[in-house]
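Written out below as structure tokens is the structure these notes cover.
Below, read A as the first sequence line, B as the second, and so on, with proteins coming before strands; counting in each chain starts at 1. Below, each value reflects all heavy atoms present in this structure, side chains not excepted, and no hydrogens, waters or symmetry copies. Here the structure is a predicted model, which is why all the values come from computation and not from measurement.
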Amino acid sequence: MNTSAHPNIPSSMVSVGGGESRKSKATGNVKMSAKDVKVFYGNTQAINGIDIDIYENEVLAFIGPSGCGKSTFLRCLNRMNDTIDICRVEGKIVLDDQDIYAPDRDVVLLRAQVGIVFQKPNPFPKSIYENIAYGPRLHGLAKRKAELDDVVESSLRRAGLWEEVKDRLDQPGTGLSGGQQQRLCIARTIAVSPDIILMDEPCSALDPIATGKVEQLIDELSESYTIVMVTHNMQQAARVADRTAFFHMGDLVEVDSTDTIFTNPQNQRTHDYITGRFG
Amino acid sequence: MTNLALIATLLMIMALAYHMGLTRSRAVAAEHDVRMHSRPGYYGALVALWCGLPALALFLLWSFLAPQLIEMLVTHQLPADMVAGMSDRELVTFLRRVTALANERSVSGGGTSEELAAAAHMARLQTFENLSLVALMAVFAVTGLVVARRNISPQWRARNQVERVITIALAASSGVAIFTTVGIVLSMLGETLKFFTFISPAEFFLGTTWNPRFSTSGTDAQGEFGLLPLLWGTMMVSAIALLVAIPVGLMTAIYMAEYAPPWLRNVAKPIIEILAGIPTIVYGFFALIVIGPFLSNVGDLIGINIRTTSALTAGLVMGIMIIPFVSSLSDDIITQVPKSLRDGALGLGATKSETIRQVVLPAALPGIVGAFLLAASRAIGETMIVVLAAGNNPVLHANPFEAVSTITVTIVNQLTGDMDFASPQSLVAFALGLTLFVITLGLNVIALIVVRKYRQQYE
Amino acid sequence: MSITIEQRRQHRLMTIEKSLATRHRKEKRFRRLGLMAVMTGMTLVAILFASILMRGVPAFWQATFFMELYFDPEVIQLEEKPERASGESPSDFNQRLSAWQTQAGLVNWQVLIDRALEDKLSEDLEPSQLRDLRALLASNERFTLRNKFMDDPSLLGQTIEVKMLASANVDVWLKGNIDRDLADARQQLSAQTRAWADQLYEEGIIRNAFSTALFLNTDSRSSPASAGLAGAFMGSLFMMMIVIALSVPLGVASAVYLEEFAPKNRLTDIIEININNLAAVPSIVFGLLGASIFIGYLGLPLSAPLVGGLVLTLMTLPTIIIATRASLRSIPPSIRQAALGIGASKVQTVFHHVLPIALPGILTGSILGVAQALGETAPLLLIGMNAFVANVPSTPFEQSAALPVQIYLWQGNELRNFFEARTSAAIIVLLALMLSLNALAIWLRKKFETRW
């Protein structure tokens, strides 16, 4: 287990991932940090003790073969695993120096700070407007209608969806195309202005063009948000991530700048995966 | 020969035919040294079918037609002046007595000489008819057997034919359900139309007084048959029942689907299922001996006059009866809402109850409305609870603490005891039944369509 | 840009924190509401069962006389019970036997009982007190005595201990089911009878003993204490046999057709809607159908289990069809494809592979449907099954009662104090039958549950 957990090297993450295309907006401050996190489903251990730091405004990608625990770990970061009865999390995850699994920690507040976008777009069976307005309304963030309109518009703009839907805000969100739905879900998440956005394979259900749009959106969002994403698509990680973490069989094998992971991995398993020996 | 023995014999011959077909097909196969199209069993079955089915069809047709034919012949042979002197009704009674005598059953008063003569004639005809049926069936069966057996050849597609018969039999079975509906509609429509020859539809549907009097056919005292007090009573009791069942049932379903730990679910689900199966007569008795007196005592305490048997008693207990129905239907529908929707709301920081109220329930709404409609239809059609606990007081009033009467109660009241299908007092039961059928049909069809749409949405 | 977002985040955290307490309170309230609903339902059910058990269980024990009775040869003046002589034809013997039985019927058995009671009370009675005396015992008991003697004529001249049911009113009085302080005029027994009953109870001659009358006897008007469910039970049994024999094969056949063979078109769509709708048609409508078609048009006999069985069959059919279809639908298509793939015909596939797998589901659905039919009352009232029948029917064509209808009849009996308990006991019997059927269904489902 200790062979797999690589200490993170802050200096390496400042270097630009993928060379010419991406420019990291990361500040270098640790936003979130996990210490020896283990996850159990009933008696089966799914995650074997993971240590990782997540930096402010970086894009961090989790890659690895299916069933390696990357999604499970991602869902630990805003305690979505609480919704599964048999799931148990051990270890410590700290957000802004506060343990998110502390008994007095409020999960409602946590999830407002750490938003999540799922694999399959899941707009509510409500209008587009109501989909976006749901979060702010829920948390009492917009007192007046004008304020709410403002939040809805700016969120949709940030998600790059405003131009496409501004004339049909009262139509059901489920009527949009898959890519639009996913961007709607992203807009819904940023309407609460979280600090961190978790994305669980956000493009796996989308066609290449929609995928391109979402990737572009991720790049823009990293201006002001910390983004942690799971992807099964190595090229995607290479395109959008500042740093990449490789998971295998419940271990965090290696985490480094995306550049290093894809060109010069330190670990044999990472190398085998990157070069397509398995996965 | 009695019919039972006849059928038994036919079955035995069919078994024999099966065996003959079986051996014959083996013999043919050996003789030509070829592979038969089908396995021997199918040839056996086919020969048995050829042997049995035509004879059986003849038997059914015969049993249906022969008695009528015989009655016609007997009537024809009666002295013409005697037939002319009888009304239709008297003729029917006469024939019934004659039939009884012919079959050596005793009739009241022993039977007149004309009746005895006719009976003797009928008995002769019956013997003849019986013998010819047996003979004809034998001919049919043997012909079928011989023809089919001779037909056996390697090319004969026995399996396909047997399977076609099976498929037709299956299709015919599914027709029973259709015939039931048609039977319900036609029988009730027929009797209702007869009822409307006594009382005009307007009087029935718009009348505000229910006072049918006693069945006194022959007199012109007909009583008043206004539907509205009964309809109103039905609505009142059902509304009370739904006011009890919907909140409790829905909250139970929500708790079971969203909050209850698995062990509680495993225990509670079968219990709820069993509850839904408790006969309504038991609930009625419970209303009568426990809830009614209890409500009446409570009323005394707070100074309201609550009758032991009242709309409230019946409605409350009916509500208890429907709780498991509402909760298990709603539970199914709530658990069908995809988990991804819940995750979406929870991921934004909604609490569990916010997720349920603002996302899950709106998403499940059509299905839940469908469940409510089905519950309403069940409440409206419920009989035994209201018979025992509603008090049977067919008067228009809006006091739930008073006794009321409902459509179902009145059907029971009007149709138990003497069954005289010619008086409006009995026939009105069918008009009420048809009204009930139409109301529940409407609710059911809407509910089924709504629920179906809802299911498709999440498939 | 990043400053405004920072500000917004700060503002957001504060806003949410402020509202959190309220939101969690609401959450708790909602959750408690749910738990309350479950509790309400469970409590009501507990009350229902408790009240019926409390009333019904004592009814299985009845006030019973245990006393010596002298079969006085002076009262029983009978020839010897005829024995079949050698060379006598059966019909001759039967004639002699029935003549003897008629003679036995004419004996005044009541006198034997009266004397035995007088003995116990050690009082000389005025003739006027005979009425009070006879009110102690169930009036049917003299026939029980007669039957006992006819079975064993050697009892003549012997004194044996007999067990006889007290009358319903004595049972009510001794169990305290009537207010003992009520004035004489409102009591159902005379003061004398009540005093005797108390005396005999103290002396141990009347005891509360488990009674088989409820199970072995038929309904009785003249002697309520010995009224039982035997006739109703047979009636229900006949009806259930008809329901099983007709609705299961028909229901399974139509489900198989609709699910496996029928083309998906408008007609089958209508059949489907029609079946779902039939399942929700009020049961009383089926009663009307029975009254109009089976009795009015086909002229089948009133009150017969045959008609009841047919009506209940039509009512149960949709339930079985729906359950069978659900069971068939849960079988993955791969099973069918596998069978078709090795050259089985469609019919063979269905009968050899699909149906056996679906069997547990079909069985479960059928049992539940039959259980439901067993408890159904309303349609039976409309086809005359609420008539009073004092015999155990031996064929489904004879008049008969049924269990739920018997409950309905007893709850309406004017002898309230006695029949409230008796009805509850009958309900316990019915529920026990239904719950065991349900339990069987649930057990079957658990045992054969397959996950694909």
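The candidate from C:L368, C:I321, C:T423, C:I270 with the greatest count of non-hydrogen atom pairs under 4.5 Å with chain B is C:T423. Between chain B and the options C:G412, C:S51, C:S254, the largest number of non-hydrogen pairs under 4.5 Å is found for C:S254. By number of non-hydrogen pairs under 4.5 angstrom with chain C, the leading residue of B:R378, B:E382, B:R357 is B:R357. Contact count versus chain B (heavy atoms, under 4.5 Å) is highest, among C:N276, C:V405, C:L374, C:L437, for C:N276. Most heavy-atom pairs under 4.5 Å with chain B: of the set C:V350, C:I52, C:V256, C:L314, this distinction falls to C:L314. Among B:I184, B:V317, B:N160, the residue with the largest count of heavy-atom pairs under 4.5 Å with chain C is B:I184. Interface summary for chain C: among B:I320, B:N444, B:L432, the most heavy-atom pairs under 4.5 angstrom belong to B:N444. Among B:I254, B:T351, B:I380, the residue with the largest count of heavy-atom pairs under 4.5 Å with chain C is B:T351. When each of C:A280, C:G287, C:A387 is scored by its heavy-atom pairs under 4.5 Å with chain B, the top score falls to C:A280. Ranked by heavy-atom pairs under 4.5 Å with chain B, the list C:G41, C:S345, C:P249 is led by C:S345. Across B:T167, B:I323, B:L186, the residue that shares the most heavy-atom pairs under 4.5 angstrom with chain C is B:T167. Of all the listed residues (B:G381, B:G433, B:A171), the one sharing the greatest number of non-hydrogen pairs under 4.5 Å with chain C is B:A171.
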Taking distance alone, no hydrogens or angles, what donor-acceptor pairs closer than 3.5 Å link side-chain atoms of residues 275-292 of chain B to residues at least two apart or in another chain?
residue : atom : partner : partner atom : Å
B:Y283  : OH   : B:L275  : O            : 3.4

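Within the 4.5 Å cutoff, the side chain of C:V281 has no heavy atoms near those of the B:T181 side chain. For the pair B:V176/C:L317, a side-chain contact is recorded, criterion being any heavy-atom separation below 4.5 Å from C-beta on. A 4.5 Å side-chain heavy-atom check between B:E163 and C:K346 finds every atom pair outside the cut-off.
Here the CZ-OG distance, from C:F261 to B:S174, works out to 12.0 Å after rounding to the nearest 0.5 Å. Note that CE of B:M188 and CG of C:L289 are 8.0 Å apart. Values are rounded to the nearest 0.5 Å. The distance from the OG atom of B:S353 to the CZ atom of C:R29 is 9.5 Å, given to the nearest 0.5 Å. A distance of 11.5 Å separates CE of B:M251 from CZ of C:R32, quoted to the nearest 0.5 Å. With rounding to the nearest 0.5 Å, the separation of OG1 in B:T252 from CE in C:M36 is 10.5 Å. For the atom pair C:L381 CG and B:L415 CG, the distance stands at 10.0 Å (nearest 0.5 Å).
Only the side chain of B:I356 comes within contact range of chain C, with heavy atoms under 4.5 Å apart. Proximity to chain B (any heavy atom under 4.5 Å) is shown, for C:A371, by neither the backbone nor the side chain. Heavy-atom distances place no part of C:P318 under 4.5 Å from chain B, backbone and side chain included. Of the atoms belonging to C:T268, not a single heavy atom falls under 4.5 Å from chain B. Proximity to chain C (any heavy atom under 4.5 Å) is restricted, for B:L436, to the side chain, taken from C-beta onward. Within the 4.5 angstrom heavy-atom criterion, atoms from both the backbone and the side chain of C:L48 approach chain B. Proximity to chain B (any heavy atom under 4.5 Å) is restricted, for C:L431, to the side chain, taken from C-beta onward. At a 4.5 Å heavy-atom cutoff, B:V162 makes no contact with chain C through either its backbone or its side chain. Residue B:I166 touches chain C through its side chain alone, counting heavy-atom pairs closer than 4.5 Å. Heavy-atom distances place no part of B:F325 under 4.5 Å from chain C, backbone and side chain included. C:L35 touches chain B through backbone and side chain together, each having a heavy atom under 4.5 Å away. With a threshold of 4.5 angstrom between heavy atoms, B:L388 approaches chain C through side-chain atoms but not through N, CA, C or O. Only the side chain of C:L258 comes within contact range of chain B, with at least one heavy atom under 4.5 Å from a heavy atom of that chain. Contacts of C:I47 with chain B are made by both backbone and side-chain atoms, with heavy-atom separations under 4.5 Å. Both the backbone and the side chain of C:L33 come within contact range of chain B, each with at least one heavy atom under 4.5 Å from a heavy atom of that chain. With a threshold of 4.5 angstrom between heavy atoms, C:N438 approaches chain B through side-chain atoms but not through N, CA, C or O. Within the 4.5 angstrom heavy-atom criterion, atoms from both the backbone and the side chain of C:Q348 approach chain B. Contact of C:F286 with chain B is made through the side chain alone, with heavy-atom distances under 4.5 Å.
Heavy-atom minimum distance, B:G349 versus C:R23: O-NH2, 3.0 Å. Nearest heavy atom pair, residue C:I275 against residue B:A177, reads CG1-CB, 3.7 Å. Nearest heavy atoms, C:S292 versus B:S187: OG-CB, 3.1 Å. Shortest non-hydrogen contact noted between C:N277 and B:L448 is N-CD1, 3.9 Å. C:L288 and B:A429 make their closest contact through CD1-O, 3.8 Å (heavy atoms, listed as atom of the first residue, atom of the second, distance).
Around the CE atom of C:M42, the shell of radius 6.0 Å holds more than 12 heavy atoms that belong to other residues, nucleotides or ligands. By the 6.0 Å contact criterion, OH on B:Y259 is enclosed, its count of non-hydrogen atoms from other residues, nucleotides or ligands being greater than 12. When the shell of 6.0 Å around CZ of B:R164 is examined, it contains 12 or fewer heavy atoms from other residues, nucleotides or ligands. Applying the 6.0 Å contact sphere to OH of C:Y297 captures no more than 12 heavy atoms from other residues, nucleotides or ligands. Within 6.0 Å of atom CZ in C:R329, more than 12 heavy atoms from other residues, nucleotides or ligands are found, so the atom counts as buried in its surroundings.
Side-chain atoms of C:E27 come within 3.5 Å of backbone atoms of B:K352 as a donor-acceptor pair (strictly under, hydrogens ignored).
The cationic atom of C:R31 (NZ for Lys, CZ for Arg) does not lie both less than 6.0 Å from the six-membered ring centre of B:Y255 and within 45° of the ring axis.
Residues that satisfy the side chain to side chain donor-acceptor pair (under 3.5 Å) test with C:R55, not counting sequence neighbours, are C:E420.
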